[in-house]
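Contents: one structure, followed by commentary.
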2 protein chains.
Amino acid sequence: MSPKVSEAYKKEKKIDLLRAAKRVFINKGYTHATMQDVMDESGMSRGGLYSYFNHIDHLFMEVLQFEDQEDILFFEPSDEYPLWTQLTEWLRLQQKNIEGINNSLVRAKAEFFLTSNYARDKENYPYITERYDNIKNAIKGFIQKGIKQGEFQPILDPEHIVLYFISFIDGLMLDTFQLGSQKTDVKVQLTAFQFSLKAMLLPVGEK
Amino acid sequence: MSPKVSEAYKKEKKIDLLRAAKRVFINKGYTHATMQDVMDESGMSRGGLYSYFNHIDHLFMEVLQFEDQEDILFFEPSDEYPLWTQLTEWLRLQQKNIEGINNSLVRAKAEFFLTSNYARDKENYPYITERYDNIKNAIKGFIQKGIKQGEFQPILDPEHIVLYFISFIDGLMLDTFQLGSQKTDVKVQLTAFQFSLKAMLLPVGEK
DNA sequence: ATATTAAACGACATTGGTGTCGTTTTCAAT
DNA sequence: ATTGAAAACGACACCAATGTCGTTTAATAT
């Protein structure tokens, strides 16, 4: 009856595997990563690995969830600083983020979203859509808070600004991954974007 | 000595194959397309196909070149209309373009750029970089012409505006491919983008 | 110590695709 | 018609990766 090891042990082991898998996906991307790679990286045997994850898409999706928790938190508005300041701060952070894109899952994610049948089956796996909605709502909430506080006086529908926001960031990531950060000049693009945002949001107290 | 068929015949045959391949890549993307698919679609045998293209990356790159000729032409400025009018016209065209993204090579291209070793080997295959530079220069030339003619009075460095331009369009395409055009609301995003451009370029005679 | 149980192992059959190569077909020159 | 060249064919050997399953190992309860 009694299991050989504790639940905690299995949880730990699984997290080890996820970490190893993440390293593999960062190095090789999604398409070229194999279960064998994860076995090698983690030291786990074939049968062992398959007892935790029955195929690589499953594994990748678990890595994503493991990762995602952090991302949304970015757009929790704080009351300490003006929202516009928080926004520019966020953009500054993104610069570092995107410049270091080769050590992130960005490439693997893009590949996964483009190629995996799981990712592309919106009916049964609404993951991508939900993800998009989550980040959209986080940013929209942020802007709406700014409106309510009288800090922003947007010229365009906030919803539209948000969509535009996301497209730009996604495009910048994609291009930077492909061409390198000095080619795409991440910093100046983010400056141009900040300029656009200012023209759209008209934050008070900004010249 | 004499070849069995004319040069013209071989050229024709090759174009047939490229067309078939293009259909395959539009339907299946890059990663999931196989030489077998192209054989089926074109009716050509295995050996025959391989005598034209020795592997699928080669085939894809030829499809791209075949396709690319059109793309750059978009940004040949005409003297008939104000450049700003041409720009808004171009954006209007892009809307249709991006909304019909499922019948284009956009997905396959993105996959190829992300995953193919040929695409990612910048040293030996500078194709991507050249492509980016070409489109960049086309748009930059367009803007500079506007400056010279006194039609644009940009607030930011035109180079930066162009980089920003490309990122946004790429991001919009990617997101739209993944989520569908009603989800990303292509039209309003392009409107927002137009607004940004206006704020950056300050076209004369536009309120 | 011993028994029990499931975690971990790794050999194996299977799959899906690749690229080659000897053969067949077909066209055009004679 | 006959013949020679090369285009088109398709069987085949090969490879890389998958997922399974019977066996081994090791932690815990007794």
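A quick note: this is a predicted structure, and the numbers were derived from the prediction, not measured. The figures that follow rest on heavy atoms only: side chains count, while hydrogens, waters and symmetry mates do not. Proteins get letters first, then strands, A, B, ... in listed order; numbering begins at 1 in each.
One can place CD of B:Gln36 at 13 Å from P of C:dG19, the figure rounded to the nearest angstrom. Between the CD atom of A:Glu7 and the P atom of D:dA27 there is a distance of 17 Å, rounded to whole Å. When rounded to the nearest whole Å, the span between CE of A:Met35 and C1' of C:dT15 equals 16 Å. Distance NZ (A:Lys10) to P (C:dT5): 15 Å, rounded to an integer number of Å. For A:Asp16 and C:dA7, the CG to P distance is 16 Å, given to the nearest whole Å. For the pair B:Asp40 CG and C:dG17 P, the computed distance is 11 Å after rounding to whole Å. In this entry the distance linking OH of A:Tyr50 with P of D:dG22 reads 18 Å, nearest Å.
In this structure, B:Lys13 does not reach the D:dA7 phosphate: none of its side-chain N or O atoms is under 4.0 Å from OP1 or OP2. For C:dA8, one of the phosphate oxygens OP1 or OP2 lies less than 4.0 angstrom from a side-chain nitrogen or oxygen of A:Tyr9.
Exactly one of A:Trp84, A:Tyr81, A:Phe165 qualifies for a ring pair (Phe, Tyr, Trp, His ring centres under 6.0 Å) with A:Trp90. That residue is A:Phe165.
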Can you pull every protein N or O that's under 3.5 Å from an N or O on nucleotides 9-12 of chain D?
from: D:dC9; atom 1: OP2; to: B:Ser45; atom 2: N; distance (Å): 2.6
from: D:dC9; atom 1: OP2; to: B:Ser45; atom 2: OG; distance (Å): 3.1
from: D:dC9; atom 1: O5'; to: B:Ser45; atom 2: OG; distance (Å): 3.3
from: D:dG10; atom 1: N7; to: B:Gly47; atom 2: N; distance (Å): 3.4
from: D:dG10; atom 1: O6; to: B:Gly47; atom 2: N; distance (Å): 3.1

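Residues passing the side-chain hydrogen bond (donor to acceptor under 3.5 Å, both in side chains) test with B:Asp16, sequence neighbours excluded: none. For A:Glu159, the side-chain hydrogen bond (donor to acceptor under 3.5 Å, both in side chains) test picks out A:Lys136, A:Lys140, with sequence neighbours left out. Residues that satisfy the side-chain hydrogen bond (donor to acceptor under 3.5 Å, both in side chains) test with B:Asp57, not counting sequence neighbours, are B:Tyr30, B:Ser116. For B:Asp79, the side-chain hydrogen bond (donor to acceptor under 3.5 Å, both in side chains) partners are B:Lys145, not counting sequence neighbours. Shown here are the ring pair (Phe, Tyr, Trp, His ring centres under 6.0 Å) partners of B:Tyr164, two or more places apart in sequence or in another chain: A:Phe168. With sequence neighbours left out, A:Phe142 forms a ring pair (Phe, Tyr, Trp, His ring centres under 6.0 Å) with A:Phe75.
A heavy atom closer than 4.0 Å to some atom of DNA chain D occurs in B:Tyr52, these being the qualifying members of residues 52-60 of chain B.
Ring to ring, A:Phe195 and B:His160 are not that close: their centroids are 6.0 angstrom or more apart.
The ring-ring contact (aromatic ring centres under 6.0 Å, His included) analysis of residues 9-28 of chain B, with sequence neighbours excluded, yields the pairs B:Phe25-B:Phe60.
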